[in-house]
Visitor: 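Next up is a structure, given as structure tokens.
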Amino acid sequence: MYELKTKETDESVIEFIENVDHPKKREDAYRLLDIFAEVTGFEAKMWGPSIIGFGKYHYKYKSGHEGDAPLVGFSPRKAKISLYFAPGDSERDNLLKVFGKHTTGKACVYINKLADIDVEILKSLIQRSVSFLQIFRTGKPTPSGMR
């Protein structure tokens, strides 16, 4: 049976950020930590060895594969900072048009540094992603702590 590699852990988010080699990337990680926590109202948790996630949802594919994942998250990786948002939300593409310098993958948005993007658009992307996943995946509205 397939075992998920990216699971919520008890590892320290702060220790993870403190071990980010590049000082500017570490500073951006702390700012992202504050932004994601403020917008979602969720406590940051480590997912696997390198993703900082907020909230969680359960998914199940038609194939039977299922698991848990963070609603949103980020990872200050060596090359770029990865931002994790919900795929499938059509409004995401519209927001990304005015987001700033970035590249995209299926569920990831990659940035070099926070100075390259519009932080208010980032907040909108976070909020939309959480709302989209909670309504689409669970049928429940967003938590009252969500801003």
Visitor: Just verifying a value: how many Å separate K78 NZ and H22 NE2, rounded to the nearest 0.5 Å?
Guide: 11.5 Å

Visitor: Does the pair K113/D116 count as a salt bridge with the N-to-O cut at 4.0 Å?
Guide: yes

Visitor: Look up atom CD1 in I51 and atom OG in S82, then write down how far apart they are to the nearest 0.5 Å.
Guide: 8.0 Å

Visitor: Could you state the interatomic distance from NE2 (H102) to SG (C108), rounded to the nearest 0.5 Å?
Guide: 12.0 Å

Visitor: So, do K101 and I117 sit near enough that their side-chain heavy atoms are less than 4.5 Å apart?
Guide: no

Visitor: Roughly how far apart are I121 CD1 and K97 NZ, rounded to 0.5 Å?
Guide: 12.5 Å

Visitor: Are I35 and V20 connected in the hydrophobic side-chain network, where two residues link if heavy atoms are under 4.5 Å apart?
Guide: no

Visitor: Relative to each other, are the rings of F85 and F36 parallel, tilted or perpendicular (30° and 60° limits)?
Guide: parallel

Visitor: Please tell me if the side chains of I52 and W47 come closer than 4.5 Å, counting only heavy atoms from C-beta onward.
Guide: no

Visitor: Given side chain to side chain contact (heavy atoms under 4.5 Å, CB included), test V72 with F42 step by step and report yes or no.
Guide: CA-CA 10 Å; V72 290; F42 292 113; over 6 Å; no

Visitor: Got L71 and L133 here, is their nearest side-chain heavy-atom distance under 4.5 Å?
Guide: yes

Visitor: Could you tell me if the side chain of N112 sits less than 4.5 Å from the side chain of I81, heavy atoms only?
Guide: no

Visitor: Report the distance from atom CG of D118 to atom NZ of K123, rounding to the nearest 0.5 Å.
Guide: 10.0 Å

Visitor: Given R77 and S50, is the side chain to side chain contact (heavy atoms under 4.5 Å, CB included) satisfied, shown in steps?
Guide: CA-CA 8 Å; R77 300 194 186 273; S50 62; 3.0 Å; yes

Visitor: Output yes when a side-chain donor or acceptor of H58 lies under 3.5 Å from a complementary backbone atom of G67, and no otherwise.
Guide: yes

Visitor: With the side chain counted from C-beta on, respond yes when F54 and P70 share a heavy-atom pair under 4.5 Å apart, and no when they do not.
Guide: no

Visitor: Where do L32 and L114 come nearest, in terms of heavy atoms and distance?
Guide: CD2-CD2, 3.7 Å

Visitor: Would you kindly confirm whether Y110 and L125 end up in one hydrophobic cluster when ILVMFWY residues are joined by side chain heavy atoms under 4.5 Å apart?
Guide: no

Visitor: Evaluate the side-chain proximity of V39 to V130: yes if any heavy-atom separation is below 4.5 Å, no if none is.
Guide: no

Visitor: Evaluate the side-chain proximity of T9 to K45: yes if any heavy-atom separation is below 4.5 Å, no if none is.
Guide: no

Visitor: Looking at D28 and K24, is there a salt bridge between them, counting it only when a charged N and a carboxylate O are closer than 4.0 Å?
Guide: yes

Visitor: For E11, I'd like to know if atom CD has over 12 heavy atoms of other residues, nucleotides or ligands within 6.0 Å.
Guide: no

Visitor: Can D21 and R26 be said to form a side chain to side chain contact (heavy atoms under 4.5 Å, CB included), step by step?
Guide: CA-CA 7 Å; D21 287 338; R26 188 169 46 248; 5.9 Å; no

Visitor: After noting the C-alpha distance and the side-chain angles of F132 and Q127, does the key distance pass the side chain to side chain contact (heavy atoms under 4.5 Å, CB included) rule?
Guide: CA-CA 8 Å; F132 177 80; Q127 189 171 35; over 6 Å; no

Visitor: Quick one: pull up CG in L33 and CD in E43 and give me the separation to the nearest 0.5 Å.
Guide: 10.0 Å

Visitor: In the structure I gave you, are the side-chain heavy atoms of F99 and L83 within less than 4.5 Å of one another anywhere?
Guide: yes

Visitor: Do S129 and R92 have side-chain atoms, one donor and one acceptor, less than 3.5 Å apart?
Guide: no

